[in-house]
Amino acid sequence: MTKIEAVIQPSRLETLKNAFAVWGVEGLTVTEVKGYGRQRGHGEVYRGAEYAIDFRPKLKVEAVVPTSLVPRLLDVLQRAVGTGRIGDGKVFVMPVEEAIRVRTGERGDAIL
């Protein structure tokens, strides 16, 4: 099993969810996060005063999937969330040593 963790633009979540569903990914965990990368935030004007906004709103999407699907899902993910502009996000891939369904005690790939 492998965990795919992606930090994406909030507006791209539905597209990603639908794209993953086509490949049988049944579960996603989504967390609202803030951060910055190369774009280093931006400035905004509110009531005549300028403010620096260092942290951009993003979503962290996590999915544990069969390792055999990872190359295809990474391609699907990049096409689903990529716009070609700065701030599209990042993707991290890591192995999962063990997974347990708490309710039944099932282990491994059976819980996916």
Side-chain angles (χ1 to χ4, degrees):
M1 291 175 291
T2 301
K3 180 179 181 180
I4 298 175
E5 190 173 287
V7 179
I8 66 170
Q9 302 251 6
S11 63
R12 307 304 295 166
L13 178 61
E14 278 301 311
T15 305
L16 176 60
K17 185 179 94 173
N18 294 336
F20 270 19
V22 169
W23 285 92
V25 177
E26 295 178 352
L28 295 176
T29 300
V30 179
T31 309
E32 291 182 7
V33 296
K34 292 182 182 182
Y36 66 88
R38 290 186 179 164
Q39 81 269 19
R40 297 276 188 219
H42 66 287
E44 285 189 6
V45 177
Y46 178 71
R47 294 190 178 184
E50 189 169 331
Y51 294 91
I53 309 296
D54 292 333
F55 295 99
R56 308 279 303 191
K58 301 282 184 173
L59 294 178
K60 181 166 67 169
V61 180
E62 300 169 276
V64 177
V65 299
T67 301
S68 60
L69 282 181
V70 170
R72 184 66 187 143
L73 289 175
L74 291 177
D75 182 51
V76 166
L77 189 152
Q78 187 173 8
R79 283 189 281 116
V81 303
T83 65
R85 295 187 302 247
I86 291 176
D88 276 351
K90 301 275 190 300
V91 178
F92 306 96
V93 180
M94 57 210 78
V96 174
E97 291 184 28
E98 184 68 73
I100 302 168
R101 178 174 282 129
V102 175
R103 178 177 52 87
T104 63
E106 290 174 280
R107 294 175 176 260
D109 288 341
I111 74 158
L112 299 179

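These numbers come from the heavy atoms of this one structure, side chains and all, not from hydrogens, waters or symmetry mates.
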Next on the checklist: So does Thr83 get a backbone contact from the side chain of Asp88, meaning a donor-acceptor N/O pair under 3.5 Å?
Outcome noted: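 Yes, Asp88 side chain to Thr83 backbone: donor-acceptor pair under 3.5 Å.
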Item to check | Side-chain donor/acceptor of Lys58 to backbone N/O of Gly87, under 3.5 Å | outcome: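 Yes: the side chain of Lys58 pairs with the backbone of Gly87.
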Is there a chain of hydrophobic side chains (I, L, V, M, F, W, Y, each step under 4.5 Å between heavy atoms) that links [X] to [Y]?
X	Y	value
Val65	Met94	no
Ile4	Val22	yes
Val70	Val91	yes
Val7	Val76	no

Next on the checklist: Show the nearest heavy-atom pair for residues Pro57 and Pro10, with the distance to one decimal.
Outcome noted: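 In terms of heavy atoms, the two residues are closest at O-CD, 3.7 Å.
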Next on the checklist: Take a 6.0 Å sphere around CD of Glu32 and say whether it holds more than 12 heavy atoms from other residues, nucleotides or ligands.
Outcome noted: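 Result for CD/Glu32: open.
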Next on the checklist: Within the supplied structure, the quantity of interest is the number of heavy atoms (other residues, nucleotides, ligands) at a distance under 6.0 Å from Gln78 CD; does it exceed 12?
Outcome noted: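 Counting neighbours around CD of Gln78, 12 or fewer heavy atoms of other residues, nucleotides or ligands fall under 6.0 Å, so no.
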Pairwise side-chain contact, [X] with [Y], heavy-atom cut-off 4.5 Å (strictly under):
X	Y	value
Glu62	Thr31	yes
Leu112	Val64	yes
Thr15	Val81	no
Arg107	Ile111	no
Leu28	Lys17	yes

[atom1] of [X] to [atom2] of [Y]: how many Å apart, nearest 0.5 Å?
X	Y	atom1	atom2	value
Leu59	Arg12	CG	CZ	12.0 Å
Leu77	Trp23	CG	CH2	13.5 Å
Lys90	Ile8	NZ	CD1	13.5 Å
Met1	Glu97	CE	CD	9.5 Å

